[in-house]
Amino acid sequence: MPATDAHHETVDTGDHVVLIDGSAYIFRAYHALPPLTRSSDKLPVGAVAGFCNMLWKLVRAGQNGGGFAPKPTHLAVVFDKSEQTFRKDIYPLYKAQRPELPEDLRPQFPLIREATRAFDLACVEQSGFEADDLIATYAEEAKARGAQVTVISSDKDLMQLVDGLVRMYDPMKDKAIGVEEVFEKFGVAPDKVVDVQSLAGDSVDNVPGVPGIGIKTAAQLLAEYGDLDTLLARAPEIKQTKRRENLIAFADQARLSRQLVTLKRDVPLDVPLDDIAVVEPSATRLVAFLKAMEFATLTRRVAEAYEVDVAAIDPDPGLRAGASSLMAGLDPATQTAEAAGDGLGPRVTPGDEGAPMGEPGFTPLALAAARQAEATATPVDRSRYETVTTLARLEDWIARAREVGVVAVDTETTGLDPMQAELVGFSLATGPNEACYVPLTHKGGDEGLFSEGLLPDQIPVRDALAALKPLMQDPAVLKVGQNLKYDWLVLRRLGIEVAPYDDTMLISYVLDAGASPHGMDPLSMRWLGHTPIKFEEVCGKGKGQITFDRAPLDKASEYAAEDADVTLRLWRVLKPRLASEGKATVYETLERPLVAVLARMEARGIRIDRQMLSRLSGEFAQGMGRLEADISEMAGESFNPGSPKQLGDILFGKMAIPGGRKTPTGAWSTGADVLEELAEQGHELPRRILDWRQLQKLKSTYADALPSYVHPETGRVHSSFALAATTTGRLSSSEPNLQNIPVRSEEGRKIRKAFIAAPGHKLISADYSQIELRLLAEIADTPSLRQAFQDGLDIHAMTASEMFGVPIEGMPGEVRRRAKAINFGIIYGISAFGLANQLSIPREEAGAYIKRYFERFPGIRAYMDETRAFAREHGYVETLFGRRCHYPDISAKNPSIRAFNERAAINARLQGSAADIIRRAMVRMDGALEAARLSARMLLQVHDELIFEVPDEEVDATIPVVREVMELAPFPAVALKVPLKVDARAAENWDEAH
DNA sequence: GGAGTCACG
DNA sequence: GACGTACGTGACTCCT
């Protein structure tokens, strides 16, 4: 090893002093380099590896023509020592926004100091001073002695040091920064950089600057006025009103900023400049260190250069795997961060329209990766949350949200129903652990006549909402929620329409439907390795549960702020996956816009005729009473017909009727199919039971329950539509479920008649005809089926004719019924057993039908085989529009589980494509109606049907618009060969419109 | 809280 | 030849 000039101690002309900003290096390396871990124990060492490679290149400079000339004669790695610096003393907010250190970065700090020592290089830090001040002081002294200086850092705060003798060097971009580069960045020479920074401020370090002045303006002003002091003195001359006023009003703030950004060049150095001379390292010690780190390549290189035997040197015992406590404090989230990082390639599937670039919340991949890492690696620290009690602090948070451009929002209310719950407070998050809760109507104080029991120190609701509203509607700030439709509705009732927004639940749904749940707690566990506070821990559960406004405020505040914190972290992790997995279009076209569409539908609600339902309830009760009398007489005893257990005992025990089946749990099966069969054999009791059950269902689930859902103020029923509930992309409806209102039986349709239009209005029902069969013809590419749809044939009759050779004219009903059952069976991923069951025919016969079907309609079998194979290989299937439905058990060893998943996967492509189509129609519907100046409003969606409420006089004009939007919904994303057909009708009630 | 049943597409 | 089935939901009632 050719020796460095070891005699070199006194710095003078011709020397090259290299100063490395250690802390900055670690951060940049951490974010720029892959999350490398030591293989034996997963110790994170990415930054250390980069650092060692850099040091090696530096000390080897000149030996192999390396570009870092001249070779360093003096070198120090400089670190920040403590948080408390003179800058904090003059301005406490300085660097107050610094995020918590990522968990897998923290252990790398001591390692980097170790690495510096292993290279026998100086490691410098001094309490009370930032690394930048030390660097400035060394640079200043070296320069004074005529030496050349290189500062290894890309920190703009150091750019003020650059001049003819001092240059900077960006280790990540491998790029030198001289006077010219500084001018490019700041628009001024290096000696004016401080003045620019004093004016422009710095949001990262919390340097205030002068409002309304950025780097460009600052440079321009300085070009005109020379320097900061002159500018501030002559500020009254400035023409632009706002700028002039700000410069005068914030002159002191500018001067304070100058104190903050000006580097101290006269720190009394603990380690004198002469002591940082580069000396030859001990090859043994260096190799021992590198070996302990398990940097195979570098270890070999160093050993070769020094001509030492790697095998003869033991890894540093204090650092090698298992011997150190460096892993302590690392939590499982670190592993998650690595796993997540792996999925982050720059890969974007062609054809995907990608994440919209100009939109708030868009982040370049590299930054997204850094944020993602930070979100997962920074442990949740609830002690850092703030409970906001003053309007001024709320304004601060709102300003911070504007600065960041992305804010997570969560509302806390008195209940689960967004149409009725009252707002209690809200939380915001702008970064990991950077979250607050704003309590508004928490109670617990004395419930006096005037105080309403409100706790003190809460911002008046009106003031808080007035402050919040502009942020929630600011087009430049992305609002992130988890199940945002809830918060959207709560806020809309208070006059706030949130936009633009993202929903982490929906992002997860697009990426992982069928693979994992999308609730906040499971998402937090899965992606952050963090268990949030449970609602029950705050409000209790069961009978003793209290509303959120009565919970202890400290606990409530932590809970609420954490929800926003976790939501923002999830967004940072999940959002980049949309682009990298090619699902941004699915999210943007089929999910996100539906939040507002569905929220508006839910808010409208639908009118019901309570009197009619009450009358029906009485009718049903009478019918049940009569049946109960018959039933006890036939059974010879009185029992509860609603108890399957008791009924089973009566039918198959006491009466000993043969042909009973057992449920999977061993109980007698008394399902409708079983009772139906017994009834056909002539048994009277099962018939009565079936009738009784029907009435019981209609009475309890519909006639009695629906009126209880009528909203006290709107007088209408507001269902809730879930966007992320099914594996296939369908919506679901609940509380009440308005997607299963009876229609198949005469008695049941009486319920449907109770859904009515407002006075002067009609209900329009528009439904897709045979949409899933049409999609089967399309996706399975079956010409005869396609032709049948193009010719407008009766598809079931045509199927029957094709299979059984019966002419369509005069076809017996039974023949068509069988064909219809087969068509449905195909959609469900047919099995001989299932078809046999459905048609009550022997399995062999059903098998023969299926065989016949496959022969007559080539393409169907291939479609099913292909779908099975694809699902098996990928674990998911995709709809026509790219929605993914996951089937993790598709390769289960258990044949029945496997077959079940195969059928579900086959069905999912059809059901899911149909769901996508109606979603597209819904997204466009409001705009189309508005463009046609129609006031029709969507009220409900029932999978292939949309229900509207329309003024009488607009009915005729509305139907064609609705039909067109629905029939053309697939375009332009997909051009179907098979036409879609929509039937639409208007009437006073839902039954007659359908 | 799970099981059984049944309403819908 | 196993295995036990049509696909996707939500609400109500029993009963442990």
Side-chain angles (χ1 to χ4, degrees), chain A residues 513-514 542 639-648 661-676 689-690 692-706 708-709 719-722 725-745 747-749 751-752 767-768 770-772 776 821-839 843 846 850 885 887 892-912 914-915 918 940-945 990 994:
Chain A
F639 71 100
N640 183 354
S643 165
K645 186 171 176 288
Q646 293 178 36
L647 176 63
R661 284 205 319 253
K662 292 285 182 77
T663 66
T665 52
W668 286 112
S669 174
T670 67
D673 50 343
V674 173
L675 299 189
E676 193 68 49
I689 295 286
L690 285 169
W692 184 91
R693 277 187 184 165
Q694 187 196 19
L695 294 180
Q696 149 83 13
K697 182 81 174 182
L698 294 176
K699 181 173 187 293
S700 69
T701 306
Y702 303 104
D704 292 343
L706 284 174
S708 73
Y709 285 103
S719 178
S720 173
F721 289 98
T726 70
T727 315
T728 56
R730 271 194 179 176
L731 305 182
S732 82
S733 158
S734 61
E735 290 181 291
N737 181 354
L738 296 185
Q739 290 181 324
N740 69 347
I741 300 305
V743 70
R744 292 172 185 169
S745 76
E747 288 295 289
R749 280 207 293 276
I751 299 284
R752 205 167 261 240
D767 69 292
Y768 286 105
Q770 308 287 6
I771 186 166
E772 291 183 13
L776 174 72
I822 295 169
N823 277 333
F824 273 101
I826 295 289
I827 291 172
Y828 295 153
I830 202 150
S831 74
F833 198 98
L835 182 63
N837 226 15
Q838 183 68 29
L839 289 176
R843 204 197 313 193
I850 294 170
C885 314
Y887 292 91
K893 284 202 199 69
N894 181 329
S896 95
I897 294 176
R898 193 172 62 239
F900 177 77
N901 277 274
E902 287 171 356
R903 290 194 299 271
I906 289 167
N907 173 256
R909 285 181 75 191
L910 304 170
Q911 191 185 107
I918 198 166
L940 303 176
Q941 188 250 42
V942 193
H943 309 311
D944 63 358
E945 174 187 15
W990 190 3
H994 186 73

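So you know, we letter chains A, B, ... as the sequences are listed, proteins then strands, and number each from 1.
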What I want to check is whether an N or O donor and acceptor connect the side chain of [X] with the base of [N] at under 3.5 Å.
{"X": "Ser831(A)", "N": "dT5(C)", "result": "yes"}
{"X": "Lys697(A)", "N": "dC6(B)", "result": "yes"}
{"X": "Arg903(A)", "N": "dG8(C)", "result": "no"}

Scan [X] against the nucleic acid and name what it touches under 4.0 Å (heavy atoms): base, sugar-phosphate only, or nothing.
{"X": "Ala821(A)", "value": "base"}
{"X": "Pro895(A)", "value": "base"}
{"X": "Asp767(A)", "value": "nothing"}
{"X": "Leu835(A)", "value": "base"}
{"X": "Glu945(A)", "value": "nothing"}
{"X": "Phe824(A)", "value": "nothing"}
{"X": "Gly671(A)", "value": "sugar-phosphate"}
{"X": "Ala705(A)", "value": "sugar-phosphate"}
{"X": "Phe833(A)", "value": "base"}

Short side-chain N/O contact from [X] to OP1 or OP2 of [N], under 4.0 Å:
{"X": "Ser700(A)", "N": "dC12(C)", "value": "no"}
{"X": "Ser643(A)", "N": "dC15(C)", "value": "yes"}
{"X": "Thr670(A)", "N": "dT5(B)", "value": "yes"}
{"X": "Gln941(A)", "N": "dG9(B)", "value": "no"}
{"X": "Thr726(A)", "N": "dG8(C)", "value": "no"}
{"X": "Arg693(A)", "N": "dC6(B)", "value": "yes"}

[N] [atom2] sits how many Å from [X] [atom1], rounded?
{"X": "Asp704(A)", "N": "dA7(B)", "atom1": "CG", "atom2": "P", "answer": "16 Å"}
{"X": "Glu747(A)", "N": "dA7(B)", "atom1": "CD", "atom2": "C1'", "answer": "15 Å"}
{"X": "Leu731(A)", "N": "dC8(B)", "atom1": "CG", "atom2": "C1'", "answer": "14 Å"}
{"X": "Leu695(A)", "N": "dA7(B)", "atom1": "CG", "atom2": "C1'", "answer": "14 Å"}
{"X": "Asp944(A)", "N": "dT9(C)", "atom1": "CG", "atom2": "P", "answer": "16 Å"}
{"X": "Glu772(A)", "N": "dA6(C)", "atom1": "CD", "atom2": "P", "answer": "17 Å"}
{"X": "Gln646(A)", "N": "dG4(B)", "atom1": "CD", "atom2": "P", "answer": "16 Å"}
{"X": "Leu698(A)", "N": "dA11(C)", "atom1": "CG", "atom2": "C1'", "answer": "13 Å"}

Closest nucleotide among [options] to the [X] side chain:
{"X": "Arg843(A)", "options": "dT5(C), dC3(C), dC7(C)", "value": "dT5(C)"}
{"X": "Phe900(A)", "options": "dC12(C), dC3(C), dG8(C)", "value": "dG8(C)"}
{"X": "Ile830(A)", "options": "dT5(B), dG9(B), dA6(C)", "value": "dA6(C)"}
{"X": "Thr665(A)", "options": "dA3(B), dC6(B), dC8(B)", "value": "dA3(B)"}
{"X": "Ala672(A)", "options": "dT5(B), dC6(B), dA6(C)", "value": "dC6(B)"}
{"X": "Arg752(A)", "options": "dC8(B), dG4(C), dG10(C)", "value": "dC8(B)"}
{"X": "Arg744(A)", "options": "dG4(B), dC8(B), dC3(C)", "value": "dC8(B)"}
{"X": "Asn740(A)", "options": "dG9(B), dA2(C), dG10(C)", "value": "dG10(C)"}
{"X": "Tyr702(A)", "options": "dA7(B), dC7(C), dT9(C)", "value": "dA7(B)"}

Would Glu772(A) and Arg730(A) satisfy salt bridge (charged side-chain N to carboxylate O under 4.0 Å, His left out), going step by step from the backbone distance to the final call?
CA-CA 13 Å; Glu772(A) 291 183 13; Arg730(A) 271 194 179 176; 3.5 Å; yes
If I pick the P atom on dG4(C) and the same atom on dA3(B), what distance separates them, to the nearest angstrom?
16 Å
Taking the same atom, P, in dC3(C) and in dA7(B), what whole-Å distance lies between them?
34 Å
Test item: Gln739(A) side-chain N/O and Gln941(A) main-chain N/O as donor-acceptor pair under 3.5 Å:
yes
Do the side chain of Arg752(A) and the main chain of Ile741(A) share a donor and acceptor less than 3.5 angstrom apart?
yes
Any chance the side chains of [X] and [Y] put a donor and an acceptor closer than 3.5 Å?
{"X": "Ser745(A)", "Y": "Gln694(A)", "result": "yes"}
{"X": "Gln911(A)", "Y": "Thr728(A)", "result": "yes"}
{"X": "Ser733(A)", "Y": "Ser719(A)", "result": "yes"}
{"X": "Arg843(A)", "Y": "Ser831(A)", "result": "no"}

Go ahead and name the base partner of dA2(C); Watson-Crick or wobble counts if both distances stay under 3.5 Å, otherwise write none.
none
Find the distance between CD (Gln696(A)) and CH2 (Trp692(A)) and round it off to the nearest 0.5 Å.
4.0 Å
For Asn737(A) and for Ile826(A), find the nucleotide of DNA chain C with the closest heavy atom, then tell me which residue's nucleotide is more 5'.
Ile826(A)
